[in-house]
Structure formats: C-alpha cells, structure tokens
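This report concerns only the one structure given below.
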Number of protein chains: 2
Amino acid sequence: MIKKDSKEKILEIASRLFQLQGYHATGLNQIIKESGLPKGSLYHHFPNGKEELAIEAVKYTSLYIEEKIISFFENESDPIAAMQSFIIDTANQFRKPEDIKGIPIGLLACETALINEPLRLACMNAFHNWEQLIVNKFKEAGYKQELAEKAGILFNSLTGGGIMQSITNKDPRPLIAIAEAIPLLFSKKG
Amino acid sequence: MIKKDSKEKILEIASRLFQLQGYHATGLNQIIKESGLPKGSLYHHFPNGKEELAIEAVKYTSLYIEEKIISFFENESDPIAAMQSFIIDTANQFRKPEDIKGIPIGLLACETALINEPLRLACMNAFHNWEQLIVNKFKEAGYKQELAEKAGILFNSLTGGGIMQSITNKDPRPLIAIAEAIPLLFSKKG
DNA sequence: GTCTATAGGCAGATAGAC
DNA sequence: GTCTATCTGCCTATAGAC
C-alpha cells in the first residue's frame with residue numbers, strides 16, 4: 001500500500017490552508033494540487049464538496065488543538081500556569097514569519113458565522129470542546145463551578161483575540177500580554 | 001444634485017458587507033447591485049479595484065469605531081467603566097440576529113494578514129488608532145504609562161476575541177464576560 | 001463622470017473511462 | 001477507488017459609447 005491514506009492527506013492539507021488563508025480564499029484546486037491527488041479523489045471522499053471538506057477539516061483541526069491542550073494540562077497541574085504555557089507556546093510561532101501556522105478555527109468561524117450555518121455549527125462545536133477541557137481542568141484543581149465556567153468562556157475569547165492581534169501585527173507580544181494577564185483573572189480559589 | 005455622494009455610498013455598503021461576510025466572500029457585483037450604481041462608477045472612484053476599495057472601507061470603518069470610542073469616553077471619565085460600557089454596547093447587537101453588524105476590522109485582518117500585505121497594513125493601522133485612544137484615556141486618568149500601554153494592547157485582543165465568540169455562538173455572553181473581567185485587569189493605579 | 005457590454009480567468013462541480 | 005476532461009457560472013477587470 002503506497003498511499004498512506006489519501007483522505008487524511010487531503011484533510012491535513014485543507015486544514016492547514018484554511019487556517020492560513022481562510023475558507024473563501026482557499027480553492028479546491030489549490031488543495032488537490034498540493035496533495036498531488038486528482039480532483040475525482042477529493043469528490044470521492046467528500047461527495048458534498050467544499051463545505052463537507054471544510055466541516056471535516058474543522059473537526060480535524062479541533063482534535064489537534066484538543067490534544068495540544070491536554071498535553072499542556074498533563075505537564076502542569078496548576079490550571080493557570082498550564083493555560084499560560086499554552087498561550088506562550090501559541091505566541092512563539094509569531095517570532096518568525098515562516099513558523100506561523102495561521103488561525104486554528106477562528107478565521108473560518110468569523111468568515112462563516114453569518115453566511116454558512118453548517119460551518120458555523122462545526123466551529124461552535126470545536127470552541128465548545130476546548131472550553132470543556134478548561135472547565136474540567138479548573139474544577140479538578142478545586143475551583144468553584146462558577147469560576148471554572150468563567151475560565152472556559154474567557155479562554156476562547158482571550159486566545160482568539162490574542163491570535164488575531166498577533167497575526168495582524170506579526171508580533172508575539174499581544175498573545176504574551178494575554179498570558180501575563182491570566183493570573184489576574186482567575187486568582188481566587190473557592 | 002440628486003445623488004448625495006456615490007463614492008461614500010459605495011464605501012458605506014462595502015464597509016457593511018466586508019464586516020458581515022468578509023473580503024473574499026463579498027463580490028463587487030453584490031456591492032454595486034446594492035448601491036444601484038453601475039460598475040463603471042465603482043472603478044471610476046476606485047481605479048485599483050477591489051483591493052483599493054477594501055483599504056478605503058477599512059479606513060471608513062476604523063473612523064466610525066474611533067468616533068464611537070470617543071463618544072463613550074466623553075460620557076464617562078473612568079476609563080474602566082467607559083471601556084465596559086463600550087463592550088456591553090457591542091455585545092447587545094448579539095441579542096437579536098437582525099441587529100448583528102458583523103466584525104468591524106478583525107475579519108478582514110484575519111483573512112488578509114498572511115496573503116495581502118496592503119490590506120494587512122490597513123487593518124494594523126486601524127487597530128493601532130483604537131489602541132492609542134485607550135492609552136491616552138488611561139494616561140489622562142492618571143494611570144502609569146506602562147499600565148496604560150498594557151490596557152491599549154489588551155483592548156483590541158479582548159474585544160476582537162469576544163466578538164469572535166459572540167458572533168460564532170450568536171450569544172452576547174462571551175462579550176459580557178469580557179466586560180466583567182475588565183476591572184480585574186486594570187484595577188491598580190500608579 | 002455615467003453607464004453598458006463583455007472579456008478572460010478561475011471557481012466548484014460533474015461525467016464517465018479505467 | 002483513481003483519474004481526466006469538461007461544464008457552467010461567477011469573479012474581477014476593462015473598453016468604449018454617451
């Protein structure tokens with residue numbers, strides 16, 4: 001079996017391009033060109049075309065980020081320190097232009113929130129999954145339910161907004177400022 | 001003179017559509033169709049086409065937000081309370097779907113940061129102008145230079161991320177959570 | 001300055017051989 | 001399942017009459 005898995009290959013490339021360029025700026029032709037696969041293969045694996053591919057790509061990206069969050073939580077018992085490490089790691093890609101990975105889900109979410117309901121729901125679901133990881137981490141560390149939920153809600157806004165600023169300015173400092181502000185927001189246990 | 005100002009009319013419509021749908025999902029045909037003007041008029045006022053129109057639309061939107069920030073600052077001397085009022089006002093549009101105005105600059109910024117340098121610079125400039133308004137407001141209220149600058153940097157990340165979450169979830173609560181968190185971040189004078 | 005018609009290219013999608 | 005050829009339609013942009 002020479003080809004590893006053409007479907008996963010398409011998903012990986014689509015996921016990367018959607019993060020870098022967004023949904024509407026990324027063409028199927030670019031995706032199949034980079035994959036080396038024929039267009040028929042794409043439509044075989046994703047019969048409903050671009051929208052279905054994008055929904056699967058959002059799930060693919062979402063899982064990747066979930067695993068990244070989990071790995072940071074495994075290495076650090078304090079939820080505040082873990083969240084800070086995650087954000088600093090995210091910030092570091094903006095030190096060199098060639099390291100920039102794009103915007104995981106936020107760009108697709110903003111692009112489609114008002115004009116493509118299936119994609120909006122896929123993005124909302126991804127955000128929700130990340131939020132739950134944060135909530136559970138804070139609860140396990142002994143935080144009150146209310147404060148844990150607040151941390152979950154704020155996590156997505158803080159990282160999403162920080163990435164938006166860091167990518168526009170090509171500067172890691174906005175995300176670093178967010179990381180430094182985290183302890184001020186969640187300092188009280190309950 | 002029956003037509004008020006066809007250039008401003010195009011700018012207003014383009015600004016609204018770019019905020020709602022983004023740069024790549026908004027066609028010039030849609031803009032001229034909504035304006036009722038012929039396509040030749042658009043290219044007369046913006047000879048360099050879509051990119052030039054988008055840059056001018058970003059400036060147009062930027063000025064509108066600047067004026068909004070200034071008006072909130074005029075009505076409230078405490079910078080923290082003023083910032084909270086501004087964010088709550090931004091959140092309120094997400095109570096009813098028909099009130100949603102879109103994402104002022106952030107969507108275009110995310111879409112173009114890595115693939116269209118002139119537009120990226122236009123967005124960066126808009127963010128910078130807003131940031132300066134915040135910095136000045138905090139300094140005038142007696143905050144230390146360092147804390148005022150921190151407030152400026154965080155303002156764009158917080159509002160941008162909050163809008164991203166509120167629009168994706170069609171729920172004002174993420175932005176409200178941001179507004180409630182503001183005092184924790186900037187409570188110390190110096 | 002205003003307006004129409006159209007060029008030229010690329011998008012997403014499909015048909016059908018193998 | 002793999003791959004090629006092609007369709008249809010929309011996009012940005014332009015030419016040129018008025």
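All of these numbers come straight from a predicted model, not from anything done at the bench. Order of the sequence lines fixes the chain letters, A, B, ..., with proteins taken first and strands second; residue numbering starts at 1 for each chain.
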Distance-only side-chain donor-acceptor flag, [X] / [Y], under 3.5 Å:
X: A:Q21; Y: A:T26; value: yes
X: A:E67; Y: A:S71; value: no
X: A:K59; Y: A:N125; value: no

Classify the angle between the aromatic ring planes of B:F86 and B:F155 as parallel (below 30°), tilted (30 to 60°) or perpendicular (above 60°).
tilted

Let me know the distance between [atom1] of [X] and [atom2] of [N], rounded to the nearest Å.
X: A:K39; N: C:dC10; atom1: NZ; atom2: P; value: 12 Å
X: B:E52; N: D:dA13; atom1: CD; atom2: C1'; value: 13 Å
X: B:I31; N: D:dC10; atom1: CD1; atom2: C1'; value: 15 Å
X: B:F46; N: D:dT12; atom1: CZ; atom2: C1'; value: 16 Å
X: B:K33; N: D:dC10; atom1: NZ; atom2: P; value: 10 Å
X: B:N48; N: D:dT12; atom1: CG; atom2: P; value: 15 Å
X: B:I32; N: D:dT14; atom1: CD1; atom2: P; value: 16 Å
X: B:L42; N: D:dT14; atom1: CG; atom2: P; value: 12 Å

Closer to the 5' end of DNA chain C via nearest nucleotide, is it A:T26 or B:G40?
B:G40

Residue met sooner reading DNA chain C from 5', once A:E51 and B:L37 are mapped to nucleotides:
B:L37

Report the nucleotide, chosen from [options], that has the shortest atom-to-atom distance to any side-chain atom of [X].
X: A:L28; options: D:dC3, D:dT12, C:dG12; value: C:dG12
X: A:K50; options: C:dC3, D:dT2, C:dG12; value: C:dG12
X: A:Y43; options: C:dT2, D:dT12, C:dA13; value: C:dA13
X: B:H44; options: C:dA13, D:dT12, C:dG1; value: C:dG1
X: A:S41; options: C:dT2, D:dT2, C:dA13; value: D:dT2

Is B:K150 close enough and on-axis enough to B:F138, meaning under 6.0 Å and within 45°, for cation-pi?
no

